[in-house]
K.L.:
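Here it is, the structure in full.
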Amino acid sequence: FTQLASEIRQCSDARDFDRARQIHRQVLKSKHLRQDDATYLANLLLEAYGRCGSVEEAQRLFQALPLPNVFSWNILLEAYAQNGHLDRARSLFDRIPDKNVVSWTTMIKAYGSSGLMDDAKLLFEIMPVRNLVTFTGMVKAYAETGHTLDARELFDSMPERNLVAWTVMLAAYSQTWHLDEVLALFARIPEREVVSCSIVIGAYSARGRMREARELFDSMREGNVVTWTALIAGYAGRGDLEEARSLFERMPERDTVSWTSMITAYAQLGHLEEARALFDSIPIDRRDAVVWNSMLYAFSRDGCVAGMIETLRAMPRPD
RNA sequence: GCCAAGAGGU
């Protein structure tokens, strides 16, 4: 079971639908499962299907469950929400027999990410129990729909706040052009850890304020790949390719996002050969759609149509 | 033991 469970989790992470189905069949064959163990595995499979975008498969599995628990309901709800089936989500939500705070919070988030803040707010107001996650999710929904003032008002009214809540509010301001609000909130944040620092570095970088970005970066005990990439993007945006490259080469680890940022920097500053060399150094299984796109962009910036065509042909196609 | 909230790339 632990074996099966961890394999299913891997499918979720890797978005491996075929493998998930394979394990699904395997689970159906094993006959000595206790009811709650079966539900447990089914929930993991539901999540995997949802994350692979297979709403129909998730629904089929759910309907076959003899005894779905509230987790099963919530996971299917999340799958609908994540895949844009707002109406199905709502009708499922209305049928959940014992909704818990997670059910409510998931439904609110679904409305929020569809831009339906009035519906989100209504649910938020009538729900029986709200917790920190509910409040934070609602603040984030306001922020993402551009309602920064409402986000702040709700944030200020929260009965308690943790670091995540503060960080969401900080990120909300960093999306606006109010650097002063970002800094004011950052000055009051209870703890400056890597996420909040990265947001502020990103806010400085986006505005070309590299002196301040660098100062904060240097004051950190250690950044992670996100922090480094935010700074690199800032230098690249200012046209300081040397500093961007030097940081890129010194950063402790690189991922698809940092690769893409650097390729895009090379592309924008007219260094096609370096963009291409970097692209070629990326392991094939790490090249996601945005990485490919950045290479396409590099060729297009260079006016190299042949390179674009070559890239398009080499790109893996979804079948 | 399985579900909901936080930062960087097109």
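All values below were derived from every heavy atom in this structure, side-chain atoms included, with hydrogens, water molecules and symmetry-related copies excluded. Residue numbering restarts at 1 for every chain, and letters A, B, ... go by the order of the sequence lines.
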K.L.:
Does this structure show an ion pair linking A/Arg276 with A/Glu273, if we count only N-O contacts that are shorter than 4.0 Å?
P.N.:
no
K.L.:
Please determine if A/Arg245 and A/Glu274 form a salt bridge, counting it only when a charged side-chain N lies under 4.0 Å from a carboxylate O.
P.N.:
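Salt bridge flag = yes for A/Glu274 with A/Arg245.
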K.L.:
Within residues 108-115 of chain A, which residues have any heavy atom lying less than 4.0 Å from an atom of RNA chain B?
P.N.:
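Output list: A/Lys109.
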K.L.:
Show the atom names and distances, to 0.1 Å, of all donor-acceptor pairs under 3.5 Å that link a side chain in residues 178-195 of chain A to residues at least two apart or in another chain.
P.N.:
| from | atom 1 | to | atom 2 | distance (Å) |
| --- | --- | --- | --- | --- |
| A/Glu193 | OE1 | A/Val195 | N | 3.1 |
| A/Glu193 | OE2 | A/Ser196 | N | 3.1 |
| A/Glu193 | OE2 | A/Ser196 | OG | 2.8 |

K.L.:
Check the pair A/Asn100 / A/Asn74 against side-chain contact (heavy atoms from CB on, under 4.5 Å), numbers first and verdict last.
P.N.:
CA-CA 9 Å; A/Asn100 61 17; A/Asn74 291 345; 3.2 Å; yes
K.L.:
If you look only at pairs with a residue in residues 253-267 of chain A, which of them pass as a salt bridge (charged side-chain N to carboxylate O under 4.0 Å, His left out), with sequence neighbours excluded?
P.N.:
none
K.L.:
When Ile, Leu, Val, Met, Phe, Trp and Tyr are grouped by side-chain heavy atoms lying under 4.5 Å apart, directly or through other members, which residues fall in the same group as A/Ile309?
P.N.:
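When side chains under 4.5 Å apart are linked, the cluster holding A/Ile309 also contains A/Val305.
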K.L.:
Could you check whether A/Thr256 gets within reach of a base, just the sugar-phosphate, or nothing at all, counting any heavy atom under 4.0 Å?
P.N.:
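Result for A/Thr256 = base.
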K.L.:
For residues 107-127 of chain A, run the donor-acceptor check on the side chains, cut-off 3.5 Å, and write out each pair with its distance to 0.1 Å, sequence neighbours left out.
P.N.:
| from | atom 1 | to | atom 2 | distance (Å) |
| --- | --- | --- | --- | --- |
| A/Lys109 | NZ | A/Glu78 | OE1 | 3.1 |
| A/Lys109 | NZ | A/Glu78 | OE2 | 3.0 |
| A/Tyr111 | OH | A/Arg90 | NH1 | 3.1 |
| A/Ser113 | OG | A/Lys109 | O | 3.0 |
| A/Ser113 | OG | A/Ala110 | O | 3.4 |
| A/Ser114 | OG | A/Ala110 | O | 3.0 |

K.L.:
When you measure from every atom of RNA chain B, which of residues 258-270 of chain A have a heavy atom less than 4.0 Å away?
P.N.:
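A/Ser258, A/Thr260, A/Ser261, A/Thr264 - these, ordered by number, are the residues of the stretch whose heavy atoms sit under 4.0 Å from the strand.
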K.L.:
List for me each residue that meets salt bridge (charged side-chain N to carboxylate O under 4.0 Å, His left out) alongside A/Arg130, sequence neighbours excluded, and say none if there are none.
P.N.:
none
K.L.:
Any base atoms under 4.0 Å from A/Tyr40, or only sugar-phosphate, or nothing? Heavy atoms, all strands.
P.N.:
base
K.L.:
Less than 6.0 Å separating the ring centroids of A/Phe248 and A/Trp259?
P.N.:
no
K.L.:
Return yes when atom CD of A/Gln35 has more than 12 non-hydrogen atoms of other residues, nucleotides or ligands closer than 6.0 Å, and no otherwise.
P.N.:
yes
K.L.:
Going by heavy atoms closer than 4.0 Å, what residues in residues 43-61 of chain A are next to RNA chain B?
P.N.:
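Here the set is A/Asn43, A/Leu44.
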K.L.:
side-chain contact (heavy atoms from CB on, under 4.5 Å) with A/Ala213: which residues, sequence neighbours excluded?
P.N.:
A/Ile201, A/Tyr204, A/Ser205, A/Met210, A/Leu231
K.L.:
So what does A/Val225 touch, heavy atoms closer than 4.0 Å: a base, only the sugar-phosphate, or nothing?
P.N.:
base
K.L.:
So, A/Asn83 side chain and A/Ala79 main chain: donor-acceptor pair closer than 3.5 Å or not?
P.N.:
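Such a contact is found between A/Asn83 side chain and A/Ala79 backbone.
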K.L.:
How are the rings of A/His147 and A/Tyr142 set relative to one another: parallel (under 30°), tilted (30 to 60°) or perpendicular (over 60°)?
P.N.:
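Rings of A/His147 and A/Tyr142: perpendicular, over 60°.
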K.L.:
Please find out if less than 6.0 Å separates the ring center of A/Trp73 from that of A/Phe93.
P.N.:
no
K.L.:
Tell me, which of residues 141-167 of chain A have any heavy atom that sits under 4.0 Å from an atom in RNA chain B?
P.N.:
A/Asn162, A/Val164, A/Thr167
K.L.:
Is the closest basic N to carboxylate O distance between A/Asp36 and A/Arg34 below 4.0 Å?
P.N.:
yes
K.L.:
Parallel, tilted or perpendicular, judged at 30° and 60°: which one describes the rings of A/Tyr49 and A/His24?
P.N.:
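The rings of A/Tyr49 and A/His24 sit tilted, inter-plane angle from 30° to 60°.
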K.L.:
For the pair A/Asp13 and A/Arg9, find out whether any cationic side-chain nitrogen is under 4.0 Å from an anionic carboxylate oxygen.
P.N.:
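Salt bridge flag = no for A/Arg9 with A/Asp13.
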K.L.:
Using a 4.0 Å heavy-atom cut-off across all strands, classify A/Ser294 as base, sugar-phosphate, or nothing.
P.N.:
nothing
K.L.:
Working note: A/Glu243 + A/Arg238, criterion salt bridge (charged side-chain N to carboxylate O under 4.0 Å, His left out); need CA distance, chi angles, decisive distance, verdict.
P.N.:
CA-CA 10 Å; A/Glu243 195 56 42; A/Arg238 297 264 71 194; over 6 Å; no
K.L.:
On RNA chain B, reading 5' to 3', which nucleotide is the first and which the last to sit with an atom under 4.0 Å from a heavy atom of chain A, could you check?
P.N.:
B/G1 to B/U10
K.L.:
Can you list, by residue number, the residues of residues 195-211 of chain A that have a non-hydrogen atom closer than 4.0 angstrom to RNA chain B?
P.N.:
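Going residue by residue through residues 195-211 of chain A, the ones with a heavy atom under 4.0 Å of RNA chain B turn out to be A/Val195, A/Ser198, A/Ile199.
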